[in-house]
K.L.:
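Shown below is the structure under consideration.
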Amino acid sequence: MTDISQYLDVDALNELKQVMGEEFPLLIKTFENDSVVRIELIKEAIASADPDAVRRAAHSFKGSASNMGATTLTELCRAVEEIGAKGETAGCDQLLEQIIESYAQVQEGLTKL
């Protein structure tokens with residue numbers, strides 16, 4: 001079993017949970033649905049070797065991951081965004097694998113809140 005604090009800012013999420021109240025499960029579901037789409041957009045941008053699309057997709061996912069306190073996922077998205085901003089896509093494949101793995105850990109962690 002993984003320590004979720006490696007992937008999630010538990011304190012920030014608990015605070016968000018208090019603020020959101022009954023809407024918190026909907027927030028999690030929305031994040032999960034959006035994340036699947038965002039990962040697919042990053043994957044497609046990398047496959048198309050389109051640095052600007054990579055940058056935009058990673059930037060968007062970075063923001064939502066940050067809002068959910070997904071610290072590792074946020075940093076991985078930032079790294080992909082920076083590669084795209086340099087007009088490159090090399091190295092994004094490996095980072096995408098890490099993003100997918102980190103997202104799985106985040107998703108698991110969110111079920112434990």
K.L.:
Answer yes when Glu108 and Lys112 have at least one side-chain N-carboxylate O distance shorter than 4.0 Å, and no when they do not.
P.N.:
yes

K.L.:
Salt-bridged, Glu81 to Arg78, with N to O below 4.0 Å?
P.N.:
no

K.L.:
Show the nearest heavy-atom pair for residues Pro51 and Ala49, with the distance to one decimal.
P.N.:
CD-O, 3.2 Å

K.L.:
Do Val80 and Leu76 make a side-chain contact, defined as non-hydrogen atoms from C-beta onward lying under 4.5 Å apart?
P.N.:
no

K.L.:
Taking all non-hydrogen atoms of both residues into account, name the closest pair between Ala70 and Leu8 and its distance.
P.N.:
CA-CD2, 3.9 Å

K.L.:
Where the side chain of Ser66 meets the backbone of Lys62, is there a donor-acceptor pair that is under 3.5 Å apart?
P.N.:
no

K.L.:
Closest heavy-atom contact between Ile83 and Cys92?
P.N.:
CG2-SG, 3.6 Å

K.L.:
Got a donor-acceptor contact below 3.5 angstrom from the Ser64 side chain to the Phe31 backbone?
P.N.:
no

K.L.:
Look up atom NZ in Lys17 and atom CD1 in Ile28, then write down how far apart they are to the nearest 0.5 Å.
P.N.:
7.5 Å

K.L.:
Ser102 and Tyr7: which non-hydrogen atoms are nearest, and at how many Å?
P.N.:
OG-CD2, 3.6 Å

K.L.:
Answer yes or no: does atom CD of Glu15 have more than 12 heavy-atom neighbours from other residues, nucleotides or ligands under 6.0 Å?
P.N.:
no

K.L.:
Transitively linked via ILVMFWY side-chain contacts under 4.5 Å: Ile4 with Met68?
P.N.:
yes

K.L.:
For residues Leu96 and Ile39, determine if any side-chain heavy atom of one lies less than 4.5 Å from a side-chain heavy atom of the other.
P.N.:
yes

K.L.:
If two hydrophobic side chains count as joined below 4.5 Å and joins carry through other members, does Ile99 share a cluster with Leu41?
P.N.:
no

K.L.:
Rounded to the nearest 0.5 Å, how far does CG of Leu13 lie from CG of Asn67?
P.N.:
10.5 Å

K.L.:
Can you get from Met20 to Leu113 by hopping between Ile, Leu, Val, Met, Phe, Trp and Tyr side chains that sit under 4.5 Å apart?
P.N.:
yes

K.L.:
When rounded to the nearest 0.5 angstrom, what is the spacing between CG in Asp93 and CD1 in Ile42?
P.N.:
12.0 Å

K.L.:
Can you find a heavy atom in the side chain of Lys43 that is under 4.5 Å from one in the side chain of Glu40?
P.N.:
yes

K.L.:
Is any side-chain heavy atom of Lys29 closer than 4.5 Å to a side-chain heavy atom of Asn33?
P.N.:
yes

